[in-house]
Amino acid sequence: MKKSFTVFLAIQIIFVITSFRASYAQPVFSPNDLLELEMCSIHQLSPDCSALIYSIWTPRGANEEPGPAHRKYYKMDLESGTSNLLFEEGIKGSSPRYSPDGAYIAFLYKKDKEPMQVWAMSSTGDEMVQLTDANNDIKFFRWQPDGKGICFVKLRFWIYHRER
């Protein structure tokens, strides 16, 4: 009787362990799962702390051309918790920054085949206005502390050639 009870108990323990492992096992992470991951980045809190600019990006799909991840920028109202797209579809703006008074949002934008420039719009999302007209791509900018201007760094290619 002891032997049959021990076998019965062993079968029960094996059953409990396997059913416990099966119920808490996670599915295998596949390459397709990796391509569907979304990452979130917070860019800036508004000066009055009422809104937040953030972005969500996803990697390119397996059948897409090589290039950077897809990124969409959003503005969240922190009181209501609602988020809206910062840029209209088709506008590939980047690096949005609030002006010191919070009235404007400046960002980098490349229109057609022109160099990357600094643009601005009101923080309510009105019409875009171009702030710079550089002959090369602008890579970085910041508002002046008084909000009356910006400073920026533009890309310039240097070709060094030395004859022998």
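The residues of the chain are indexed from 1 along the displayed sequence.
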Evaluate the side-chain proximity of [Y] to [X]: yes if any heavy-atom separation is below 4.5 Å, no if none is.
X: Tyr54; Y: Cys40; value: yes
X: His70; Y: Arg60; value: yes
X: Ser41; Y: Trp57; value: yes

Heavy-atom pair with the smallest gap, counting every atom of [X] and [Y]:
X: Ile53; Y: Pro96; value: CG2-CG, 3.5 Å
X: Ser46; Y: Asp48; value: OG-OD1, 2.7 Å
X: Ser99; Y: Pro47; value: O-CG, 3.4 Å
X: Ile138; Y: Gln117; value: CD1-OE1, 3.9 Å

Tell me whether [X] shares a hydrophobic cluster with [Y], the cluster being built from Ile, Leu, Val, Met, Phe, Trp, Tyr side chains joined at under 4.5 Å.
X: Leu131; Y: Phe107; value: no
X: Val118; Y: Ile105; value: no
X: Leu108; Y: Trp143; value: yes
X: Tyr98; Y: Ile91; value: yes
X: Leu78; Y: Leu85; value: yes

Report summary line: Value for OG (Ser55) from NZ (Lys72), rounded to nearest 0.5 Å, stands at 12.5 Å

Is a donor on one side and an acceptor on the other found under 3.5 Å between the side chain of [X] and the backbone of [Y]?
X: Lys154; Y: Phe140; value: no
X: Asp101; Y: Ala103; value: yes
X: Gln130; Y: Thr132; value: yes
X: Ser123; Y: Gly102; value: yes
X: Asp77; Y: Thr82; value: no
X: Ser83; Y: Met76; value: no

Query raised in the report: Are Tyr109 and Trp119 close enough that their ring centers fall under 6.0 Å?
Result: yes

Query raised in the report: So, do His43 and Tyr73 have ring centers that fall under 6.0 Å from each other?
Result: yes

Report task. Kindly check if the number of other-residue, nucleotide or ligand heavy atoms within 6.0 Å of OH (Tyr104) is above 12? Result -> no

Query raised in the report: Does CD belonging to Glu88 count more than 12 external heavy atoms closer than 6.0 Å?
Result: no

Query raised in the report: Can Arg97 and Gln44 be said to form a side-chain contact (heavy atoms from CB on, under 4.5 Å), step by step?
Result: CA-CA 7 Å; Arg97 304 285 305 172; Gln44 190 179 23; 3.6 Å; yes

**Report entry** Stepwise side-chain contact (heavy atoms from CB on, under 4.5 Å) check, Phe87 with Met121
**Finding:** CA-CA 10 Å; Phe87 305 118; Met121 64 182 170; 4.0 Å; yes

Report task. For side-chain contact (heavy atoms from CB on, under 4.5 Å), just list the numbers for Arg71 and Ile56, CA-CA rounded to whole Å, side-chain angles, deciding distance to a tenth of an Å, and then say yes or no. Result -> CA-CA 6 Å; Arg71 182 176 287 214; Ile56 295 183; over 6 Å; no

Requested in this report: Carefully, step by step, assess Lys110 and Ser94 under the rule side-chain contact (heavy atoms from CB on, under 4.5 Å).
Outcome: CA-CA 9 Å; Lys110 185 172 189 165; Ser94 65; over 6 Å; no

